[in-house]
2 protein chains.
Amino acid sequence: MGGSEARRPKAGRPPDRQAGRAVRQAALQLMREKGYAGVSIAAIAARAGVARQTLYNRWPTKADLVLDAVFEETGRNAPALPGGAPPEGQAGLEAFLLQVLGHLQQDGDPLRALIAAAQHDPVFRDALRARFVLPRERIVTDLLIRAQARGEIAAHRDPGLLSQLVHGIFWYRLLNGQELDAALAREIAAEIFGR
Amino acid sequence: MGGSEARRPKAGRPPDRQAGRAVRQAALQLMREKGYAGVSIAAIAARAGVARQTLYNRWPTKADLVLDAVFEETGRNAPALPGGAPPEGQAGLEAFLLQVLGHLQQDGDPLRALIAAAQHDPVFRDALRARFVLPRERIVTDLLIRAQARGEIAAHRDPGLLSQLVHGIFWYRLLNGQELDAALAREIAAEIFGR
DNA sequence: TTGATTATTGGACTGTGGTCCACTAATTGT
DNA sequence: ACAATTAGTGGACCACAGTCCAATAATCAA
């Protein structure tokens, strides 16, 4: 299976182009209106003006559909700060955490549902990890590596571990229904760089 | 509503004593055999030899029932170290984390399912938090407070925040399907006390 | 135009969590 | 004995995720 699958001579009815966006937008809207548990596949299909089976043709489960909707339709797969340049130092970490915070304020509920869904499906869990978790973890790790190179962080500390500590507390508080506010972001950044 | 509900003169048919244990044991067995998603209320009722409605009479949801089964029937509500005295210092933290590790090695799967279920039900989430999460969080917090009093941890650092960082990374790695091994426990303890 | 191919559609179907209800069984107080 | 009270039982019922299937629609190649 090298590169021989170059271009199958496309045949058959093509997928409805409109449908894709319509479904994702309907899913995202309903999600924000009623939360993950309050949305049914049937409702999404109805609002998108599409047969229910079409959703199952394209997405294996409700969780996959919502994952797609949240991350394709809101363009949040690129968690980098809009500025272009990656965040730097303690202030950069704090800024990044604040941005994640904003994301969670809007889509925390869907995200919690996705994390929950991932626990029942290893394949989906890996997809979520690849598309959402790892990119964010990487940003913080890289930030800490650069900070360490500048001597802002002791050489013996492990940036990968620190990054997971940071993301971990966000998950922990999110999944436990605790508040995630700006003060927390500041305290975390201070603790990591602090003293 | 002070203390006037002293002792209602018990009337009516008493709850079946056998049923309680039978149901919890059936739930736990099936849980370990087929995992959370693979177990149905009907199956638990059948194995316990009890009407399905009886389960709903006693537990509001499947998640509550399983939570009860896991934590009542296995006696894991007491997360303290068997020694009696609470763990102390960096070594104590590492020992505590190793003990949690052992727990996760046996019941990590049900626990992941419970955390997932909690995301769909705020009431259940609070119950899980009260019976499972907070006691463990507290142990580490208290350990760190005592260590701080002995000067092992800088005075300006927040033991509550540190405790959540520690538990957070455990959740993060558990829910992401990453390994939780003794080396991690050692690195975390070193990072918290370290430098 | 015809055939092959693929997508969409709508409807039937299954399994599950959860609710509702009427009936029966066991207990206490009179 | 009898009423009141509470628990267990069995069955009907609903909403939803997910599957299956036959019919139809749109496209490409001949």
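Quick note on labels: first sequence line is chain A, next is B, and so on, each numbered from 1. Since this is a predicted model, take the numbers as computed values, not measurements. Side chains included, hydrogens not; waters and symmetry mates left out as well; all remaining heavy atoms used.
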Could you check A:Q53 against A:G12 and say which one's nearest nucleotide on DNA chain D is further toward the 5' end?
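It is A:Q53 whose nearest nucleotide is closer to the 5' end.
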
Quick one: which of [options] gets closest to the side chain of [X]?
X     : options                : result
A:T61 : D:dA25, D:dG18, C:dG17 : D:dG18
A:P14 : C:dT27, D:dG8, D:dT27  : D:dT27
A:A51 : D:dA17, C:dA7, C:dG10  : C:dG10
A:S40 : C:dG18, D:dT9, D:dA17  : D:dA17
B:R52 : D:dT5, C:dT9, C:dG18   : C:dG18

Could you state the atom-to-atom distance from [atom1] of [X] to [atom2] of [N] in whole Å?
X     : N      : atom1 : atom2 : value
A:Q18 : C:dA7  : CD    : P     : 17 Å
A:Y56 : C:dA7  : OH    : P     : 19 Å
A:Y36 : D:dC16 : OH    : P     : 14 Å
B:W59 : D:dG8  : CH2   : C1'   : 13 Å
B:I44 : C:dG18 : CD1   : P     : 11 Å
B:L65 : C:dG18 : CG    : P     : 10 Å
A:R13 : D:dA26 : CZ    : P     : 6 Å
A:I41 : D:dC16 : CD1   : P     : 11 Å

NA contact type, B:D16, heavy-atom cut-off 4.0 Å: base, sugar-phosphate, or nothing?
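If one applies the 4.0 Å heavy-atom cut-off, B:D16 turns out to touch the sugar-phosphate alone, with no base involved.
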
At under 4.0 Å between heavy atoms, what does A:R58 touch on the DNA or RNA strands: base, sugar-phosphate, or nothing?
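Since only primed, P, OP1 and OP2 atoms lie under 4.0 Å of A:R58, the category is sugar-phosphate.
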
Quick one, A:T61 with A:L65, criterion side chain to side chain contact (heavy atoms under 4.5 Å, CB included). Give me CA distance, side-chain angles, the key distance, then yes/no.
CA-CA 6 Å; A:T61 70; A:L65 165 55; over 6 Å; no

Using a 3.5 Å distance criterion without hydrogens, assess whether the side chain of A:R136 forms a donor-acceptor pair with backbone atoms of A:F132.
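Side chain of A:R136 to backbone of A:F132: a pair is present.
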
A:R173 side-chain N/O to A:L180 backbone N/O, donor-acceptor pair under 3.5 Å:
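No.
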
Which comes earlier along DNA chain C counting from the 5' end, the contact point of B:K62 or that of A:A19, where each point is its nearest nucleotide?
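It is A:A19, whose closest nucleotide lies nearer the 5' terminus.
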
Closest-nucleotide ordering on DNA chain C, the 5'-leading residue of B:P60 and A:V50
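By nearest-heavy-atom nucleotide position, the 5'-most residue is A:V50.
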
Kindly compute the distance separating CZ (B:R186) from CG (B:L98), expressed to the nearest 0.5 Å.
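Between B:R186 CZ and B:L98 CG, I get 10.0 Å after rounding to 0.5 Å.
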
I'd like to know if B:E152 and B:R146 make a salt bridge, using a cut-off of under 4.0 Å between side-chain N and carboxylate O.
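Salt bridge: no.
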
